[in-house]
Structures are given as C-alpha cells and as structure tokens.
Amino acid sequence: MEGIRIPLTEKEAEGFVVPLGPANLVFAKTDIGLVGCGAFDVAALERFGYPAARVRPAEGSSIRDLDDLLAGIIAVANEPAAKRGIAPGMTGREALELL
C-alpha cells in the first residue's frame with residue numbers, strides 16, 4: 001500500500017485509500033495521529049493514547065477518496081485529539097493541520 005502525500009502548512013500528512021469491495025477505507029496520518037472515514041474506531045485508538053478523529057461526508061453518503069476526507073466534517077474526536085484542539089464541526093484538513 002502506497003501513501004499519497006498531502007501538503008499541510010508546517011509538514012505533510014500521508015493519505016491512503018484502501019478499496020474494500022463496496023466501500024473504501026480512507027484515512028490520512030501524520031507523525032502524531034490520524035483522521036479517518038467512518039470505519040475507524042477512534043475510541044479504541046484512544047486506549048493507546050493515539051489522537052484520532054472520524055469524519056462524515058460534507059456531501060454525498062460516504063467518504064470515497066482523500067478529497068472527500070479533507071472536505072469532510074469531523075463527527076467524533078477522541079480525547080487525545082481533542083487535547084490538540086480537534087473538535088466536531090471542523091474539516092478533515094483543519095484537523096490534520098493540528099496533528
């Protein structure tokens with residue numbers, strides 16, 4: 001699996017799209033944490049102290065690609081992500097900038 005570079009203001013994130021039949025597993029990660037589609041269990045990642053947030057689509061019914069992920073709206077952020085300033089309502093790109 002090869003990552004796609006996502007330029008951020010102060011660093012880069014690495015994005016991934018994994019086809020899973022009728023849906024894609026879509027996420028982007030930095031050296032600190034990740035922002036992912038609805039398939040991610042951010043509460044489970046919280047148990048490891050790993051900052052993670054889940055997005056919902058800004059348009060349409062699912063997150064299909066990295067553009068959808070970056071434009072998506074944060075639905076849930078675990079406690080480590082919240083401590084970094086990530087909150088429901090911001091975009092996936094805004095959340096990545098805080099990671």
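Numbers for residues simply follow the sequence, beginning at 1.
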Minimum-distance pair of heavy atoms, taken over all atoms of Pro80 and Glu46: CD-CG, 3.6 Å
Closest contact, heavy atoms only, Thr30 versus Tyr50: O-OH, 4.4 Å
Cys37 SG to Leu66 CG distance, which is reported to the nearest 0.5 Å: 10.5 Å
Same apolar cluster: Leu70 and Val76, side chain cutoff 4.5 Å: no
Closest approach of Ala52 to Ala81 (non-hydrogen atoms, all atoms of both residues): O-CB, 3.5 Å
Separation between CD1 of Ile6 and NZ of Lys29, rounded to the nearest 0.5 Å: 11.0 Å
Cluster overlap Ile86 with Ile73, hydrophobic side-chain contacts below 4.5 Å: no
Spatial distance of atom CZ (Arg84) from atom CG (Asn78) [nearest 0.5 Å]: 11.5 Å
Residues Arg93, Leu8; criterion side-chain contact (heavy atoms from CB on, under 4.5 Å); working and verdict: CA-CA 8 Å; Arg93 179 174 286 282; Leu8 301 172; 3.9 Å; yes
Cluster overlap Phe16 with Val42, hydrophobic side-chain contacts below 4.5 Å: no
Straight-line distance of Leu98 CG to Glu10 CD, nearest 0.5 Å: 10.0 Å
Minimum-distance pair of heavy atoms, taken over all atoms of Gly92 and Val55: CA-CG1, 4.1 Å
Common cluster, Phe48/Phe40, ILVMFWY with side-chain heavy-atom separation under 4.5 Å: no
Contact summary for Pro7 and Glu12, nearest pair of heavy atoms: CA-CG, 4.3 Å
Enclosure of Lys83 NZ (heavy-atom neighbours >12, cutoff 6.0 Å): no
Side-chain heavy atoms of Asp68 within contact of Val26, under 4.5 Å: no
Shortest non-hydrogen separation from Leu96 to Ala28 and the atoms involved: CD1-CB, 3.7 Å
Rounded distance (nearest 0.5 Å) linking atom CG of Leu99 with atom CG of Leu34: 8.0 Å
Nearest-0.5 Å distance, CZ of residue Arg64 to CG of residue Leu69: 12.0 Å
